[in-house]
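Here the structure is a predicted model, which is why all the values come from computation and not from measurement. Nothing fancy with the numbering, it's 1 onward along the sequence.
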Amino acid sequence: MALQVIGTGQGRTGTSSLKLALEQLGFGKCYHMYVLIKETPDEIEYFEKAERGEPVDWDKLFTGYKSAVDFPVIRYYKDIMAKYPQAKIIHTTRDAESWYESMQKTIFWAVKPNLGRILKMSVKMPFSPMTRKQLRVFKFNGKMINHVFGNDLNDKAKVIKIFNQWNADVLNFVPKEKLLIYDVKSGWEPLCKFLNVPVPSIPFPKVNTSEEFIGNVKSL
């Protein structure tokens, strides 16, 4: 099963809502960071291979999926596009200032755990194989966050500059006829038009608020 949709938008641009929207539109399961952490943390090995520049069996990783969005997929979107040249590309984005504030409250917070969260995970690790596997994902994520955005995540101007450059690079690389620049606040209409599917009668999904994200991380 080849991927039909590839997301290129950074985390906290509505990727979780896009995941649910694609699934509700009939595009089957959508690969997302949530899947990697909660369901299949062993699959981090595929992205570790990609990071080392080794060949990756994308077909095996995406077995059963018709779409893939969010990090770490987006880091290797060029390779994945080459593997699935017929796939459409959806680039979620949002206002840079609000994106940064959301990142600070969620992803940047998650990759820099305080002593309490470290101790909680340390206590669980000997008794939970899943926790040990998830720790490998968290370590990878933390390393990649620093690699992409630098070690000082409080340098707002620098981080926003990198975010804006990412958006520009994607727009310059992806052929315009295959690309939708998408703000999830715009709802179903532009998404369904781009994918050539009917507009559902149900409300567009809105999930993974900052509060929900923090709650999910604390529950691990």
Side-chain angles (χ1 to χ4, degrees), residues 1-16 18-23 25 27-93 103 107-108 110-111 129-150 162-163 165-175 177-182 195 208 217 220:
M1 182 185 298
L3 289 186
Q4 298 177 18
V5 177
I6 300 168
T8 54
Q10 290 283 348
R12 308 311 299 167
T13 61
T15 59
S16 293
L18 176 61
K19 173 186 184 297
L20 283 184
L22 291 170
E23 291 172 345
L25 289 174
F27 284 86
K29 295 192 301 180
C30 178
Y31 200 93
H32 185 280
M33 172 60 79
Y34 183 84
V35 174
L36 179 63
I37 291 177
K38 296 285 286 187
E39 300 176 17
T40 57
D42 282 337
E43 291 178 348
I44 192 63
E45 67 179 276
Y46 291 91
F47 300 105
E48 292 171 337
K49 285 183 177 180
E51 192 61 29
R52 293 193 298 266
E54 299 173 9
V56 177
D57 189 346
W58 296 114
D59 282 338
K60 186 175 181 181
L61 173 63
F62 296 131
T63 298
Y65 293 90
K66 293 183 180 179
S67 58
V69 303
D70 200 57
F71 189 85
V73 166
I74 65 168
R75 182 161 171 78
Y76 314 103
Y77 78 91
K78 293 180 181 179
D79 294 336
I80 299 172
M81 281 181 63
K83 175 65 179 178
Y84 306 106
Q86 302 304 314
K88 293 188 174 183
I89 312 302
I90 299 176
H91 185 71
T92 47
T93 190
M103 288 289 284
I107 293 174
F108 291 169
V111 300
M130 176 61 80
T131 298
R132 293 195 293 273
K133 294 174 183 178
Q134 289 171 334
L135 181 61
R136 183 175 168 187
V137 178
F138 292 140
K139 286 182 175 179
F140 180 85
N141 289 347
K143 180 180 178 182
M144 291 303 102
I145 287 292
N146 287 339
H147 183 77
V148 173
F149 295 107
I162 294 168
F163 172 69
Q165 187 60 55
W166 172 267
N167 292 334
D169 289 345
V170 171
L171 270 55
N172 286 332
F173 181 82
V174 179
E177 65 273 13
K178 295 178 60 175
L179 175 66
L180 173 66
I181 303 169
Y182 185 53
L195 297 174
N208 204 25
V217 172
L220 295 174

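Between the side chain of Gln4 and the backbone N or O of Lys66, no donor-acceptor pair lies under 3.5 Å. For the pair Glu23 (side chain) and Cys30 (backbone), a donor-acceptor distance under 3.5 Å is present.
Going from atom CD of Glu45 over to atom OG1 of Thr40 covers 10.5 Å, rounded to the nearest 0.5 Å. Atom OG1 of Thr93 sits about 8.5 Å away from atom CD1 of Ile181, to the nearest 0.5 Å. Between Leu18 atom CG and His91 atom NE2 the span is 12.0 Å, to the nearest 0.5 Å. With rounding to the nearest 0.5 Å, the separation of OG in Ser67 from NZ in Lys19 is 8.0 Å. For the atom pair CD1 of Ile37 and CG of Leu135, the computed distance is 11.5 Å after rounding to the nearest 0.5 Å. The distance from the CE atom of Met33 to the CD1 atom of Ile107 is 7.5 Å, given to the nearest 0.5 Å.
Annotation for Gly7 and Ile74: closest pair O-CG2, 3.4 Å, computed over non-hydrogen atoms. The heavy-atom pair separating Trp166 from Arg75 by the smallest distance is CH2-CA, 4.4 Å. Considering every non-hydrogen atom in both Thr15 and Gln10, the closest pair reads CG2-O, 3.7 Å. Leu36 and Ile44 make their closest contact through CD1-N, 3.6 Å (heavy atoms, listed as atom of the first residue, atom of the second, distance). Leu3 and Ala68 make their closest contact through CD1-CB, 4.0 Å (heavy atoms, listed as atom of the first residue, atom of the second, distance).
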Exercise for review: Given side-chain contact (heavy atoms from CB on, under 4.5 Å), test Phe27 with Leu195 step by step and report yes or no.
Suggested key: CA-CA 10 Å; Phe27 284 86; Leu195 297 174; 3.7 Å; yes

Exercise for review: Check the pair Ile145 / Phe71 against side-chain contact (heavy atoms from CB on, under 4.5 Å), numbers first and verdict last.
Suggested key: CA-CA 10 Å; Ile145 287 292; Phe71 189 85; 5.9 Å; no

Point to revise | Test log, rule salt bridge (charged side-chain N to carboxylate O under 4.0 Å, His left out), inputs Lys143 and Glu51 | key: CA-CA 11 Å; Lys143 180 180 178 182; Glu51 192 61 29; over 6 Å; no

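Just one of Thr92, Asn167, Asp70 meets the side chain to side chain donor-acceptor pair (under 3.5 Å) condition when paired with Thr13; it is Thr92.
The local environment of NZ in Lys49 is sparse, with at most 12 non-hydrogen atoms from other residues, nucleotides or ligands closer than 6.0 Å. For Gln86, the CD atom sits in a loose shell: 12 or fewer heavy atoms of surrounding residues, nucleotides or ligands are nearer than 6.0 Å.
No side-chain heavy atom of Tyr76 sits less than 4.5 Å from a side-chain heavy atom of Val56. Looking at heavy atoms from C-beta onward, Tyr77 lies in side-chain contact with Val174 at the 4.5 angstrom threshold. Looking at heavy atoms from C-beta onward, Pro72 lies in side-chain contact with Phe140 at the 4.5 angstrom threshold. Side-chain contact between Tyr84 and Asp59 is present, with at least one heavy-atom pair separated by less than 4.5 Å. In this structure, the side chains of Met81 and Lys178 come closer than 4.5 Å at one or more pairs of heavy atoms. Within the 4.5 Å cutoff, no side-chain heavy atoms of Phe163 are placed close to those of Arg12. With contacts defined as side-chain heavy-atom distances shorter than 4.5 Å, the pair Ile90/Val69 does not qualify.
Classification of the Phe47-Tyr31 ring pair by plane angle, with boundaries at 30° and 60°, yields tilted. Taking the six-membered ring where the residue is Trp, Phe62 and Tyr65 present perpendicular rings, their angle passing 60° and hence far from 30°.
A salt bridge is absent between Asp42 and Arg136: the closest approach of a Lys/Arg side-chain nitrogen to an acidic carboxylate oxygen does not fall below 4.0 angstrom.
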